[in-house]
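If you're wondering where the values come from, they're calculated on a predicted model, not measured in any experiment. Hydrogens, waters and symmetry mates play no part in the numbers below; they use all other heavy atoms, side chains included.
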Amino acid sequence: MIHARLTTAASLILAASAFLGGCLGKPGPVEEYLRVGGGDAACSQDTQTGKVRLAVALRQVKSADALDRQAVMLARGRVMSPSLRWYWEASPCRLAEQALVRAVNCTPGLAAIWPVRSSTEAPLSMAVTLTAFEVQEQPTVMNAAMDCQIWDGSGTKLLAARTFSAQVPAQALDAQAIAEAGSKALSGLSGEAAQWVASLSMPGVLGAPGK
């Protein structure tokens with residue numbers, strides 16, 4: 001009788017160990033890194049030939065700490081949380097910087113100076129704060145926004161300021177769709193910002209701060 005009880009107890013312990021081992025050993029979600037172009041890889045410089053290009057110093061893009069991470073931020077209603085599966089190839093701030101550099105360099109009449117150093121000299125400088133870069137789950141939409149400021153060469157006088165935003169629908173809540181939506185959002189924001197800077201660089205436009 002004692003032997004039978006010991007055998008039964010041992011069987012239960014082995015079964016429990018196997019169950020717990022299966023639960024604890026279950027692999028987590030596979031991490032996926034999303035590549036975001038943020039604009040054309042190359043642009044035609046034909047329109048730049050023989051023309052003077054206005055140098056624009058692009059300062060480091062900043063954001064709130066919650067956005068300055070590689071994990072894709074997922075929004076459900078008013079609650080945001082970082083994904084445990086999807087990650088951008090770099091932080092959104094760095095992605096935005098790269099997109100802005102490409103967009104400015106691809107805009108006729110402009111030339112981007114980046115990175116900016118203490119010795120950098122340029123007639124205009126651009127300061128950008130990324131205020132939104134998250135995926136809304138229902139409906140699935142990529143929300144992105146940035147505040148842009150144009151300063152004089154000394155960085156002491158604000159010449160103009162504007163906010164740009166984009167809402168790009170994603171085909172699905174998966175890695176490929178999110179990457180495509182993020183790329184379109186950054187491309188759109190940076191392209192609009194570059195065109196805005198180009199319009200401000202026209203003679204007489206920057207006469208009043210905040211225009």
Indicate if [X] and [Y] have the same hydrophobic cluster label, given that clusters are the connected sets of ILVMFWY residues with side-chain heavy-atom separations under 4.5 angstrom.
X: V141; Y: M146; answer: no
X: W196; Y: V61; answer: yes
X: F164; Y: M126; answer: yes

Closest heavy-atom contact between [X] and [Y]?
X: L186; Y: S190; result: O-OG, 2.7 Å
X: A177; Y: A172; result: CB-O, 3.2 Å
X: A179; Y: R35; result: CB-O, 3.8 Å
X: L58; Y: V116; result: O-CG2, 3.2 Å
X: C93; Y: K62; result: SG-C, 3.8 Å
X: L130; Y: P92; result: CD2-CB, 3.5 Å

Taking atom [atom1] of [X] and atom [atom2] of [Y], what is their separation to the nearest 0.5 Å?
X: I178; Y: Q171; atom1: CD1; atom2: CD; result: 12.5 Å
X: L74; Y: W86; atom1: CG; atom2: CH2; result: 6.5 Å
X: R85; Y: L34; atom1: CZ; atom2: CG; result: 10.5 Å
X: L54; Y: L124; atom1: CG; atom2: CG; result: 5.0 Å
X: Q98; Y: R94; atom1: CD; atom2: CZ; result: 9.0 Å
X: S81; Y: E137; atom1: OG; atom2: CD; result: 7.0 Å

- prompt: Which pairs with one or both residues in residues 123-161 pass ring pair (Phe, Tyr, Trp, His ring centres under 6.0 Å), sequence neighbours excluded?
  reply: W88-F133

task: Hey, could you give me each pair passing ring pair (Phe, Tyr, Trp, His ring centres under 6.0 Å) that has a residue in residues 93-127? Not counting sequence neighbours.
output: none

For a 4.5 angstrom cut-off between non-hydrogen side-chain atoms, does [X] reach [Y]?
X: V104; Y: V197; value: no
X: P115; Y: Q60; value: no
X: E89; Y: L95; value: yes

message: Under a 3.5 Å distance rule, please check whether E121 uses its side chain to pair with a backbone N or O of G153 as donor and acceptor.
response: no

